[in-house]
Amino acid sequence: MRLDKFLSEMLYGTRSEVKKTIRSGLVTVNGTAITKPELKIDELSDIICVGGEEVLYSKYVYYMMYKPAGYISATKDNSQKTVIDLLKKNMDNIKNGVFPVGRLDIDTEGLLLLTNDGNLAHMLLSPVKHVEKAYYLIADGIITEEAIKQLEEGIDIGDDTQTLPARIENIKACQFKELGEYEQGIIAKSHDARKISDDIFTSMELVLHEGRYHQVKRMVKAAGSQVLYLKRIRMGTLLLDEKLAPGQCRKLTDEETRSIKNCCGKYIMVS
Ligand code: URA
(Lines give C-alpha, C1' and ligand atoms only; values in the text may rest on other atoms or scores of the structure.)
Protein backbone atom coordinates (compact mmCIF):
# COMPACT_ATOMS: atom_id res chain seq x y z
CA MET A 1 0.00 0.00 0.00
CA ARG A 2 1.17 3.59 -0.63
CA LEU A 3 2.42 5.39 2.49
CA ASP A 4 -0.02 8.30 2.07
CA LYS A 5 -2.97 5.93 1.61
CA PHE A 6 -1.96 3.97 4.71
CA LEU A 7 -1.73 7.09 6.89
CA SER A 8 -5.00 8.45 5.56
CA GLU A 9 -6.74 5.15 6.30
CA MET A 10 -5.29 5.21 9.82
CA LEU A 11 -7.03 8.60 10.39
CA TYR A 12 -3.92 10.83 10.06
CA GLY A 13 -5.80 13.21 7.75
CA THR A 14 -7.03 13.46 4.19
CA ARG A 15 -4.78 12.28 1.39
CA SER A 16 -3.49 15.83 0.77
CA GLU A 17 -2.96 16.48 4.49
CA VAL A 18 -0.89 13.34 4.97
CA LYS A 19 1.13 14.13 1.84
CA LYS A 20 2.13 17.42 3.52
CA THR A 21 2.98 15.60 6.76
CA ILE A 22 5.17 13.13 4.85
CA ARG A 23 6.92 15.88 2.85
CA SER A 24 7.64 17.74 6.08
CA GLY A 25 9.89 14.84 7.17
CA LEU A 26 7.82 13.77 10.18
CA VAL A 27 7.29 10.21 8.97
CA THR A 28 9.73 7.32 9.30
CA VAL A 29 9.52 3.81 7.85
CA ASN A 30 11.63 1.28 9.75
CA GLY A 31 13.63 4.16 11.28
CA THR A 32 14.39 6.02 8.04
CA ALA A 33 12.79 9.42 7.37
CA ILE A 34 10.69 9.27 4.21
CA THR A 35 9.47 12.27 2.23
CA LYS A 36 7.87 10.44 -0.69
CA PRO A 37 4.09 9.92 -0.21
CA GLU A 38 4.02 7.33 -2.99
CA LEU A 39 6.50 4.97 -1.26
CA LYS A 40 5.10 1.44 -1.12
CA ILE A 41 5.00 -0.04 2.37
CA ASP A 42 3.95 -3.37 3.84
CA GLU A 43 1.39 -2.40 6.47
CA LEU A 44 1.71 -5.78 8.20
CA SER A 45 5.48 -5.80 8.73
CA ASP A 46 6.91 -2.26 8.33
CA ILE A 47 7.15 0.03 11.37
CA ILE A 48 5.71 3.41 10.49
CA CYS A 49 6.04 6.35 12.89
CA VAL A 50 4.64 9.88 12.75
CA GLY A 51 6.51 12.36 14.94
CA GLY A 52 8.21 9.43 16.68
CA GLU A 53 4.94 7.61 17.52
CA GLU A 54 4.25 4.24 15.98
CA VAL A 55 1.10 3.98 13.85
CA LEU A 56 -0.70 0.77 14.70
CA TYR A 57 -2.33 -0.86 11.72
CA SER A 58 -5.99 -1.80 11.85
CA LYS A 59 -7.69 -3.39 8.91
CA TYR A 60 -11.04 -2.10 10.14
CA VAL A 61 -12.70 1.17 9.21
CA TYR A 62 -15.63 2.86 10.94
CA TYR A 63 -17.85 5.58 9.47
CA MET A 64 -20.77 7.53 10.84
CA MET A 65 -23.42 8.56 8.33
CA TYR A 66 -26.36 10.90 8.74
CA LYS A 67 -28.57 8.73 6.57
CA PRO A 68 -31.07 10.76 4.61
CA ALA A 69 -34.48 9.44 3.50
CA GLY A 70 -34.47 7.77 0.09
CA TYR A 71 -31.55 5.36 0.59
CA ILE A 72 -31.84 1.71 1.56
CA SER A 73 -29.63 0.16 4.23
CA ALA A 74 -28.00 -2.42 1.99
CA THR A 75 -24.71 -2.85 0.17
CA LYS A 76 -26.18 -3.51 -3.30
CA ASP A 77 -29.52 -3.08 -5.00
CA ASN A 78 -30.64 -3.20 -8.61
CA SER A 79 -33.23 -0.46 -8.42
CA GLN A 80 -32.73 1.66 -5.28
CA LYS A 81 -29.87 3.87 -4.11
CA THR A 82 -27.99 2.28 -1.19
CA VAL A 83 -26.13 3.80 1.76
CA ILE A 84 -22.92 2.31 0.33
CA ASP A 85 -23.48 4.27 -2.93
CA LEU A 86 -23.82 7.38 -0.76
CA LEU A 87 -20.74 6.56 1.33
CA LYS A 88 -18.63 6.10 -1.82
CA LYS A 89 -19.86 9.44 -3.17
CA ASN A 90 -18.81 11.21 0.04
CA MET A 91 -15.55 9.52 1.03
CA ASP A 92 -12.41 8.40 -0.80
CA ASN A 93 -10.86 4.94 -0.70
CA ILE A 94 -13.76 2.94 0.72
CA LYS A 95 -12.54 -0.60 1.31
CA ASN A 96 -14.44 -3.58 -0.05
CA GLY A 97 -16.54 -5.29 2.58
CA VAL A 98 -17.93 -2.19 4.31
CA PHE A 99 -21.60 -2.64 5.26
CA PRO A 100 -24.24 -0.84 7.36
CA VAL A 101 -24.65 -2.05 10.95
CA GLY A 102 -28.36 -2.80 11.13
CA ARG A 103 -31.08 -1.25 9.05
CA LEU A 104 -32.96 2.00 8.94
CA ASP A 105 -36.09 2.06 6.78
CA ILE A 106 -35.89 3.91 3.47
CA ASP A 107 -37.81 6.86 4.94
CA THR A 108 -35.94 6.85 8.30
CA GLU A 109 -33.07 9.27 8.79
CA GLY A 110 -30.21 9.56 11.20
CA LEU A 111 -27.28 7.70 12.65
CA LEU A 112 -25.94 4.77 10.68
CA LEU A 113 -22.64 3.08 11.49
CA LEU A 114 -20.80 1.54 8.53
CA THR A 115 -17.83 -0.76 8.97
CA ASN A 116 -16.05 -3.86 7.75
CA ASP A 117 -15.77 -5.09 11.36
CA GLY A 118 -18.22 -8.00 11.50
CA ASN A 119 -17.38 -8.71 15.12
CA LEU A 120 -18.45 -5.26 16.28
CA ALA A 121 -21.61 -5.37 14.14
CA HIS A 122 -22.51 -8.73 15.64
CA MET A 123 -22.05 -7.40 19.17
CA LEU A 124 -24.08 -4.24 18.54
CA LEU A 125 -26.98 -6.13 16.96
CA SER A 126 -26.98 -9.19 19.20
CA PRO A 127 -30.37 -9.57 20.91
CA VAL A 128 -28.64 -10.64 24.13
CA LYS A 129 -26.47 -7.52 24.43
CA HIS A 130 -29.42 -5.07 24.53
CA VAL A 131 -27.37 -2.19 23.16
CA GLU A 132 -29.50 0.96 23.36
CA LYS A 133 -30.79 2.65 20.23
CA ALA A 134 -32.39 6.07 20.65
CA TYR A 135 -34.80 7.60 18.17
CA TYR A 136 -36.33 11.05 17.85
CA LEU A 137 -39.79 10.92 16.36
CA ILE A 138 -42.79 13.03 15.56
CA ALA A 139 -46.15 11.26 15.78
CA ASP A 140 -49.59 12.32 14.70
CA GLY A 141 -51.93 13.57 17.45
CA ILE A 142 -51.59 13.13 21.18
CA ILE A 143 -50.20 9.97 22.78
CA THR A 144 -52.26 9.25 25.88
CA GLU A 145 -50.83 8.67 29.37
CA GLU A 146 -52.06 5.08 29.15
CA ALA A 147 -50.28 4.53 25.81
CA ILE A 148 -47.07 6.05 27.19
CA LYS A 149 -47.23 3.59 30.10
CA GLN A 150 -47.65 0.69 27.65
CA LEU A 151 -44.72 1.84 25.51
CA GLU A 152 -42.57 2.06 28.63
CA GLU A 153 -43.62 -1.28 30.09
CA GLY A 154 -43.85 -3.34 26.88
CA ILE A 155 -46.48 -3.28 24.17
CA ASP A 156 -48.08 -5.88 21.91
CA ILE A 157 -46.99 -5.20 18.32
CA GLY A 158 -48.27 -8.50 16.97
CA ASP A 159 -45.13 -10.59 17.64
CA ASP A 160 -44.95 -13.66 19.88
CA THR A 161 -43.78 -11.50 22.77
CA GLN A 162 -44.39 -7.92 23.84
CA THR A 163 -41.62 -5.39 23.28
CA LEU A 164 -39.06 -4.98 26.05
CA PRO A 165 -39.54 -1.98 28.33
CA ALA A 166 -38.53 1.21 26.53
CA ARG A 167 -37.67 4.69 27.79
CA ILE A 168 -39.45 7.82 26.67
CA GLU A 169 -37.65 11.15 27.02
CA ASN A 170 -38.47 14.76 26.19
CA ILE A 171 -42.05 14.03 25.18
CA LYS A 172 -44.22 16.98 24.30
CA ALA A 173 -47.39 17.78 22.44
CA CYS A 174 -46.97 20.61 19.98
CA GLN A 175 -48.50 22.43 17.07
CA PHE A 176 -47.08 22.32 13.57
CA LYS A 177 -45.52 25.78 13.88
CA GLU A 178 -43.54 24.65 16.95
CA LEU A 179 -41.75 21.90 15.01
CA GLY A 180 -38.35 22.59 13.42
CA GLU A 181 -38.39 24.00 9.88
CA TYR A 182 -36.83 20.82 8.48
CA GLU A 183 -39.39 18.51 10.14
CA GLN A 184 -42.22 20.83 9.08
CA GLY A 185 -41.12 20.42 5.45
CA ILE A 186 -41.19 16.63 5.70
CA ILE A 187 -44.54 16.45 7.50
CA ALA A 188 -46.15 19.00 5.16
CA LYS A 189 -45.48 16.65 2.23
CA SER A 190 -47.63 13.90 3.74
CA HIS A 191 -50.29 16.00 5.46
CA ASP A 192 -53.42 17.73 4.38
CA ALA A 193 -52.31 21.36 4.04
CA ARG A 194 -55.73 22.76 5.05
CA LYS A 195 -55.71 20.94 8.39
CA ILE A 196 -52.08 21.30 9.29
CA SER A 197 -52.28 24.52 11.33
CA ASP A 198 -54.95 23.05 13.66
CA ASP A 199 -53.28 19.68 14.10
CA ILE A 200 -51.48 18.55 17.24
CA PHE A 201 -48.35 16.42 17.06
CA THR A 202 -46.25 14.60 19.66
CA SER A 203 -42.47 14.77 19.58
CA MET A 204 -40.39 12.45 21.75
CA GLU A 205 -37.28 10.34 22.09
CA LEU A 206 -37.76 6.60 22.37
CA VAL A 207 -34.90 4.49 23.69
CA LEU A 208 -35.03 0.77 22.80
CA HIS A 209 -32.91 -2.19 23.86
CA GLU A 210 -33.80 -4.42 20.94
CA GLY A 211 -34.19 -4.08 17.18
CA ARG A 212 -37.28 -5.70 15.74
CA TYR A 213 -38.53 -5.12 12.20
CA HIS A 214 -40.08 -1.60 11.89
CA GLN A 215 -40.11 -1.59 15.68
CA VAL A 216 -40.60 2.11 16.38
CA LYS A 217 -43.36 2.53 13.80
CA ARG A 218 -45.16 -0.58 15.05
CA MET A 219 -44.87 0.50 18.70
CA VAL A 220 -46.28 3.94 17.97
CA LYS A 221 -49.07 2.39 15.89
CA ALA A 222 -49.92 0.03 18.75
CA ALA A 223 -50.04 3.13 20.97
CA GLY A 224 -52.78 4.54 18.71
CA SER A 225 -50.77 6.97 16.62
CA GLN A 226 -48.58 7.05 13.52
CA VAL A 227 -44.93 8.00 13.04
CA LEU A 228 -44.62 10.95 10.66
CA TYR A 229 -40.88 11.55 11.06
CA LEU A 230 -38.22 9.20 12.43
CA LYS A 231 -34.53 9.79 13.05
CA ARG A 232 -32.03 7.63 14.95
CA ILE A 233 -29.90 9.79 17.21
CA ARG A 234 -27.80 7.29 19.16
CA MET A 235 -26.55 3.70 19.08
CA GLY A 236 -24.84 2.58 22.28
CA THR A 237 -22.40 5.38 23.09
CA LEU A 238 -22.28 6.67 19.53
CA LEU A 239 -24.18 9.95 19.06
CA LEU A 240 -25.21 11.37 15.71
CA ASP A 241 -22.84 14.30 15.10
CA GLU A 242 -25.01 17.42 14.96
CA LYS A 243 -22.52 19.03 12.60
CA LEU A 244 -23.35 16.48 9.90
CA ALA A 245 -26.14 17.40 7.48
CA PRO A 246 -28.41 14.68 6.07
CA GLY A 247 -26.33 12.69 3.56
CA GLN A 248 -22.94 13.55 5.09
CA CYS A 249 -20.50 11.04 6.61
CA ARG A 250 -17.23 11.06 8.48
CA LYS A 251 -14.83 8.59 10.03
CA LEU A 252 -15.34 7.80 13.71
CA THR A 253 -12.77 9.40 15.99
CA ASP A 254 -10.45 7.06 17.91
CA GLU A 255 -12.39 7.85 21.09
CA GLU A 256 -15.76 7.06 19.48
CA THR A 257 -14.36 3.79 18.11
CA ARG A 258 -12.97 2.79 21.50
CA SER A 259 -16.17 3.70 23.27
CA ILE A 260 -18.56 1.87 20.92
CA LYS A 261 -16.39 -1.25 21.14
CA ASN A 262 -16.53 -1.09 24.92
CA CYS A 263 -20.24 -0.41 25.29
CA CYS A 264 -21.34 -3.93 24.41
CA GLY A 265 -19.15 -5.92 26.73
CA LYS A 266 -16.00 -7.72 25.78
CA TYR A 267 -14.86 -6.87 22.27
CA ILE A 268 -12.78 -9.67 20.81
CA MET A 269 -10.06 -8.54 18.44
CA VAL A 270 -10.00 -10.75 15.36
CA SER A 271 -6.68 -10.35 13.58
N1 URA B 1 -37.85 1.39 13.79
C2 URA B 1 -38.56 1.62 12.66
O3 URA B 1 -39.77 1.49 12.64
N4 URA B 1 -37.88 1.99 11.58
C5 URA B 1 -36.56 2.18 11.54
O6 URA B 1 -36.00 2.55 10.51
C7 URA B 1 -35.82 1.95 12.73
C8 URA B 1 -36.50 1.55 13.84
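We count ligands from 1, going down the list as the structure has it; atoms in each ligand are counted the same way.
In this structure, Arg212 pairs ionically with Asp159, as a charged nitrogen and a carboxylate oxygen lie closer than 4.0 Å. Look at Asp105 and Lys217 and you find a salt bridge, because one of the NZ, NE, NH1 or NH2 atoms lies within 4.0 Å of a carboxylate O, short of that distance. Ionic pairing of Lys20 and Glu17 is not present here: no N-O contact between side-chain nitrogen and carboxylate oxygen is shorter than 4.0 angstrom.
Residue, atom and distance of the protein heavy atom nearest to atom 4 (N) of ligand 1 are Asp105 OD2, 2.7 Å. In this structure, atom 1 (N) of ligand 1 lies nearest to the protein heavy atom Val216 N, 3.1 Å.
Taking every non-hydrogen atom of Gln215 and a distance limit under 4.0 Å, the qualifying atoms of ligand 1 come out as 1 (N), 2 (C), 3 (O). Against a heavy-atom cut-off of under 4.0 Å, Tyr135 is close to the following atoms of ligand 1: 7 (C), 8 (C). Interface of Thr108 with ligand 1, defined as ligand atoms under 4.0 Å from a residue heavy atom, comprises 4 (N), 5 (C), 6 (O).
The line from SG of Cys249 to CE of Met64 is 10.5 Å long, rounded to the nearest 0.5 Å.
Under the salt bridge (charged side-chain N to carboxylate O under 4.0 Å, His left out) rule, Arg234 has a single partner from Glu242, Glu132, Glu169, Glu256, which is Glu132.
Contact analysis leaves Tyr213 out of contact with ligand 1, as no non-hydrogen atom separation drops below 4.0 angstrom.
The shortest distance between side-chain heavy atoms of Met204 and Leu137 falls below 4.5 Å. The side-chain heavy atoms of Lys76 and Ile84, taken from C-beta on, include no pair separated by under 4.5 Å.
Ligand 1 has no N or O atom lying under 3.5 Å from any N or O atom of Arg218, backbone or side chain. For ligand 1, none of its N or O atoms has an N or O atom of Arg103 under 3.5 Å away.
Contact annotation: for Leu230 versus ligand 1, heavy atoms closer than 4.0 Å belong to the side chain alone.
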